[in-house]
**Q** 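Could you have a look at this structure, given as structure tokens, before my questions?
Both backbone and side-chain heavy atoms feed into the values below; hydrogens, waters and symmetry mates do not.
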Number of protein chains: 2
Amino acid sequence: MDNVERRSGISLWRQIADQIRIAISNGEFDGNNMLPGEIALAKRFSVNRHTVRSAIASLTQEGVVRVEQGRGTFIERRERLQYPIGRRTRFSEGLAGKIGPRDRHLKNHTLQPAPAFVSTALQLAPGAPVVQLETVNTADDQLVSRAISWFDGERFSDFADRYVEYGSITAIFKSYGIDDYIRVSTRISAHHADSTTLEDLQLSPGAIMLRTEAINADMNGRPVEYSHSYFAADRIELDIDHGTALRA
Amino acid sequence: MDNVERRSGISLWRQIADQIRIAISNGEFDGNNMLPGEIALAKRFSVNRHTVRSAIASLTQEGVVRVEQGRGTFIERRERLQYPIGRRTRFSEGLAGKIGPRDRHLKNHTLQPAPAFVSTALQLAPGAPVVQLETVNTADDQLVSRAISWFDGERFSDFADRYVEYGSITAIFKSYGIDDYIRVSTRISAHHADSTTLEDLQLSPGAIMLRTEAINADMNGRPVEYSHSYFAADRIELDIDHGTALRA
DNA sequence: TATGATTTGTACGTATGTATC
DNA sequence: AGATACATACGTACAAATCAT
């Protein structure tokens, strides 16, 4: 019987969370990979069931366990896929060992006047038309991200149609006469997942998303794509390629 | 008096969280930038105080509000500092507009045999001695990150001593005859903050951290620094510099 | 400086709803 | 259908932090 100390300056739920975390790493629950029920844990630590629930809620936040209503509390351990980001990353190309087959599912597309932040990023006149694509993306058959991308509506008016035909962004750009393009900027931040991302990526409430804001440009330096991507943080890590050539 | 609907298939706390979020964006609490007390909110929505607390806990997770015991619940909105990461980023150099004066505080340092993952990253023999530095870092007088860095213990045995003397990493490397170094790899992931990071960066429980795992090398391609950094995700965003020169 | 009022945090108990097996 | 397990919601009491007086 484990014990917890009252009036120690550390709340019971935190002491219990700590002890459960240690018990997990000691392999105590390796058999069926799940915790005992809340009532059993409450008895084990001699506290109320709700105190155990507070501890489990905390461990859920940390990503240590995952709770399923009616089934139980499961120990969570998943390797993160390595998702490459670089000046010349091409997803259609084979990538050295990192991440497997990718797929994009087109959720929605529109042709509309650009919001201010989009026209700025694409260096277009305010309110110029832009094509907007919303996709949900998988890698190794796992949902990993959703993205919203914008393209110059004058230059790429039927971008969405070609999407179905060509499949890859690289191929579509080629069809417009753009043989090459490069990533010129990427901004990365982390947030709690919003409701759209929770749904699209089938995440649990409280999940974390990695957000990237990126601009790609053609070889004249003219922006051709602006995008916001939201990755399931517990499924991937971003692997930044800083280039291999030495430069002065 | 706002109302919530029971037995609607949506829990009361979620309905309340949604209504509070909307009220915030409507500017309803702009006066003192904080929510009414829990009891007042409970009366407003005709529910128990704990139901309100569940709603507020959810909003805290989203980063919409921040709770301070004995004071109240405050509306959270802070601009993220833009933190540059690139092949040749130098923190002692002036950086274009992005982020202000930086400072590192040395928390701890040791000289010890390298753990396996460190010797691998630095391309040293297993168990070779390494200098380990633990720092807490500020930018614009705000706590932004903590870091653990490792250096070859043979090559840089008195690294920690020189730290006090020189202040900047670049200057220390120069003192060892390394005039230049570059970032060769960066891996970025997001997690819930662990207890050490919570404490070092004075974060609230449930906060998110951005983790970077980085290797710097000298101009011969020999690794000179391996580091793990943990950033307060609500205070910064990482701005990846992909370089400006065009390369084949 | 001290004290009381206010506000959030912890912990208990109880009842009922919902999902799974 | 029944048993089990987690989810929601109510209530009560007291602790801890903050703030005004």
**Q** If I take atom CD in residue E5(B) and atom C1' in nucleotide dT8(D), what distance separates them, rounded to the nearest angstrom?
**A** 16 Å
**Q** Of all nucleotides in DNA chain C with an atom under 4.0 Å from a non-hydrogen atom of chain A, which is the first and which the last going 5' to 3'?
**A** dT10(C) to dC21(C)
**Q** What integer distance in Å separates I56(A):CD1 from dA5(D):C1'?
**A** 11 Å
**Q** For dT8(D), take OP1 and OP2 only and decide whether either is under 4.0 Å from a side-chain N or O of T51(B).
**A** no
**Q** Got a salt bridge between E237(B) and R80(B), using NZ or NE/NH1/NH2 to carboxylate O under 4.0 Å?
**A** no
**Q** Could you tell me whether E199(A) atom CD has more than 12 heavy atoms of other residues or ligands within 6.0 Å of it?
**A** no
**Q** Over how many whole Å does the gap from F45(B) atom CZ to dA9(D) atom P extend?
**A** 13 Å
**Q** Heavy-atom count check: over 12 atoms from other residues, nucleotides or ligands less than 6.0 Å from I39(A) CD1?
**A** no
**Q** Just call it for S54(B): base, sugar-phosphate, or nothing, with non-hydrogen atoms closer than 4.0 Å on any strand.
**A** nothing
**Q** Run the ring-ring contact (aromatic ring centres under 6.0 Å, His included) test on H50(B) and W13(B) for me, step by step, so that the C-alpha distance in whole Å, both residues' side-chain angles and the decisive distance to 0.1 Å come before the verdict.
**A** CA-CA 9 Å; H50(B) 292 300; W13(B) 67 260; over 10 Å; no
**Q** Walk along nucleotides 12-19 of chain D from 5' to 3' and tag each nucleotide B, S or - by protein heavy-atom contact under 4.0 Å, base first, then sugar-phosphate.
**A** BB--BBSS
**Q** Using a cut-off of 4.0 Å on non-hydrogen atoms, how would the nucleic acid contact of I39(B) be classed: base, sugar-phosphate, or nothing?
**A** nothing
**Q** Quick one: I10(B) CD1 to dA9(D) C1', roughly how many Å, whole number?
**A** 16 Å
**Q** Rounded to whole angstrom units, what separation is found between the CD atom of E38(A) and the P atom of dA7(D)?
**A** 6 Å
**Q** Count the heavy atoms belonging to other residues, nucleotides or ligands that lie under 6.0 Å from CG of N32(B), then report whether that count exceeds 12.
**A** yes
**Q** We want to know whether E5(A) and Q15(A) form a side-chain donor-acceptor pair, criterion being a heavy-atom distance below 3.5 angstrom.
**A** no
**Q** Tell me: CZ of R53(A) to P of dA5(D), nearest whole Å?
**A** 14 Å
**Q** Do S145(B) and N137(B) get their side chains close enough for a donor-acceptor pair, meaning under 3.5 Å?
**A** yes
**Q** dA9(D) P sits how many Å from I16(B) CD1, rounded?
**A** 8 Å
**Q** Both distances under 3.5 Å, Watson-Crick or G-U wobble: report the partner of dG17(C), or none.
**A** dC6(D)
**Q** Show the nearest heavy-atom pair for residues L59(A) and A17(A), with the distance to one decimal.
**A** CD2-O, 3.7 Å
**Q** Mind running side-chain contact (heavy atoms from CB on, under 4.5 Å) on I236(B) and L238(B) for me, showing each step along the way?
**A** CA-CA 7 Å; I236(B) 60 107; L238(B) 302 177; 3.6 Å; yes
